[in-house]
Amino acid sequence: RTPGVRAVLLDTSVPALAAIAGKELPAGYLGSLRRYRHGNAAAKVDFALAGPVPWTSPELRLAPTIHLGGTRAQVAAAEATVAQGRYPNRPYILVSQPGVVDPSRAPTGAQTLWAYTHVPAGSRRNMTAAITSEIERLAPGFRDQILASTFTSAAQLSEYNPNYVGGDIGSGAVTLRQLVARPVFSAAPWRTPVKGLYLCSAATPPGPGVHGLAGWNAARAALRDVFSLPEPALGPPSLAR
């Protein structure tokens with residue numbers, strides 16, 4: 001701990017928390033951290049396109065984010081297959097078309113697109129062909145629009161950011177148990193047993209997402225515990241507008 005620092009908020013994975021503060025953490029708490037489980041990993045492809053994706057459904061041409069996976073049962077089956085360490089024949093894919101809301105992402109007339117699919121933890125398999133095939137199925141002619149693509153495997157994601165354990169960009173499996181115990185059963189799971197030490201990553205409630213609420217909740221706890229300051233009356237500025 002740096003002298004004079006009263007509060008430390010760690011935006012890290014659960015294993016990183018254990019590695020950083022393990023010697024100071026009680027055995028019971030450390031045991032709970034070690035029982036924490038990570039979810040399916042992600043593999044990502046970035047595409048540079050000559051033009052918009054030729055979706056057969058006009059509505060999809062206006063959607064910034066698209067989930068490709070078929071029915072709920074088909075998505076569940078694909079995710080279960082990945083959790084078993086295998087690759088589904090029809091993977092669930094999340095697609096983003098940034099140019100729909102920000103045309104400056106590509107030269108006039110062109111478009112960028114990124115997509116990711118779930119794969120077994122630590123996978124190095126190149127999923128470009130599988131992702132391209134699934135998009136092509138719903139957007140015939142998509143292949144003809146591809147100018148270039150860059151693939152990032154789950155293993156590469158983990159190497160790029162060790163907090164993405166095995167390629168899990170969600171900082172832990174989002175199961176019923178781990179929605180409640182994230183990473184431990186507690187009314188304030190952002191607070192660790194070490195005074196002034198807090199966990200503020202997606203490994204705490206409300207979990208992964210572009211919302212910033214994990215950090216907000218950890219900051220509120222630190223303001224109350226360490227600095228004896230009242231909690232803000234409103235939510236995060238971006239959500240209080």
Side-chain angles (χ1 to χ4, degrees), residues 10-16 19 36-53 55 60 63-70 75 78-107 110-139 142-174 201-203 207-212 214:
L10 297 178
D11 186 14
T12 67
S13 66
V14 168
Y36 188 76
R37 294 291 175 261
H38 285 273
N40 291 338
K44 183 173 182 281
V45 184
D46 293 281
F47 293 96
L49 306 176
V53 179
W55 300 107
L60 295 185
T65 302
I66 304 168
H67 297 258
L68 306 181
V75 172
E79 294 294 276
T81 298
V82 174
Q84 295 165 6
R86 298 181 290 118
Y87 297 85
N89 293 326
R90 292 279 302 279
Y92 159 77
I93 298 170
L94 184 139
V95 175
S96 176
Q97 305 179 115
V100 170
V101 293
D102 182 5
S104 70
R105 293 295 188 96
Q111 192 173 90
T112 57
L113 178 147
W114 63 258
Y116 79 66
T117 187
H118 285 146
V119 293
S123 170
R124 291 190 180 275
R125 178 181 289 192
N126 191 320
M127 300 298 291
T128 302
I131 289 174
T132 300
S133 178
E134 283 301 295
I135 297 176
E136 176 76 20
R137 189 173 58 82
L138 298 173
F142 171 69
R143 283 192 178 90
D144 298 332
Q145 296 283 52
I146 300 174
L147 299 174
S149 66
T150 300
F151 175 72
T152 306
S153 70
Q156 288 172 317
L157 283 172
S158 183
E159 291 160 1
Y160 165 75
N161 186 342
N163 288 314
Y164 298 155
V165 178
D168 173 14
I169 60 176
S171 294
V174 185
S201 69
V210 188
H211 46 62

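Since this is a predicted model, take the numbers as computed values, not measurements. One-based numbering along the sequence shown.
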Which value, rounded to the nearest 0.5 Å, describes the distance between [X] atom [atom1] and [Y] atom [atom2]?
X	Y	atom1	atom2	answer
M127	T132	CE	OG1	10.5 Å
L138	I66	CG	CD1	9.0 Å
K44	T117	NZ	OG1	13.5 Å
N89	E134	CG	CD	9.5 Å
N40	S123	CG	OG	11.0 Å
E79	Q84	CD	CD	11.5 Å

Could you go step by step and tell me if V95 and I135 meet the side chain to side chain contact (heavy atoms under 4.5 Å, CB included) rule?
CA-CA 9 Å; V95 175; I135 297 176; 4.2 Å; yes
Where do [X] and [Y] come nearest, in terms of heavy atoms and distance?
X	Y	answer
G122	A155	O-CB, 3.6 Å
S201	A214	O-CB, 3.2 Å
P15	V165	CG-CG2, 4.1 Å
V82	P120	CG1-N, 3.6 Å
G166	S158	N-OG, 3.5 Å
I169	A42	CD1-CB, 4.1 Å

Could you go step by step and tell me if Y87 and V119 meet the side chain to side chain contact (heavy atoms under 4.5 Å, CB included) rule?
CA-CA 7 Å; Y87 297 85; V119 293; 4.0 Å; yes
For the side chain of [X] and the backbone of [Y], is there at least one donor-acceptor N/O pair under 3.5 Å apart?
X	Y	result
T81	P88	no
D46	S149	no
N163	S13	yes
E136	R143	yes

Going by heavy atoms in the side chains, are I131 and F47 under 4.5 Å from each other?
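Of all side-chain heavy-atom pairs linking F47 with I131, at least one is under 4.5 Å.
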Assess the residue pair L49 and I146 against the criterion (side chain to side chain contact (heavy atoms under 4.5 Å, CB included)); give the C-alpha distance rounded to whole Å, side-chain angles, the decisive distance to 0.1 Å, and a yes or no.
CA-CA 5 Å; L49 306 176; I146 300 174; 3.9 Å; yes
Walk me through whether Y92 and H118 qualify under side-chain hydrogen bond (donor to acceptor under 3.5 Å, both in side chains).
CA-CA 7 Å; Y92 159 77; H118 285 146; over 6 Å; no
Given side chain to side chain contact (heavy atoms under 4.5 Å, CB included), test W55 with Q97 step by step and report yes or no.
CA-CA 12 Å; W55 300 107; Q97 305 179 115; 2.8 Å; yes
Set of ring-ring contact (aromatic ring centres under 6.0 Å, His included) partners for Y164, sequence neighbours left out
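ring-ring contact (aromatic ring centres under 6.0 Å, His included) list for Y164, sorted by chain: empty.
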Classify the angle between the aromatic ring planes of Y116 and W114 as parallel (below 30°), tilted (30 to 60°) or perpendicular (above 60°).
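Taking W114 first and then Y116, their aromatic rings lie parallel (interplane angle under 30°).
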Would one find more than 12 heavy atoms of other residues, nucleotides or ligands at under 6.0 Å from atom CZ of R105?
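Atom CZ in R105 is not crowded, with 12 or fewer foreign heavy atoms closer than 6.0 Å.
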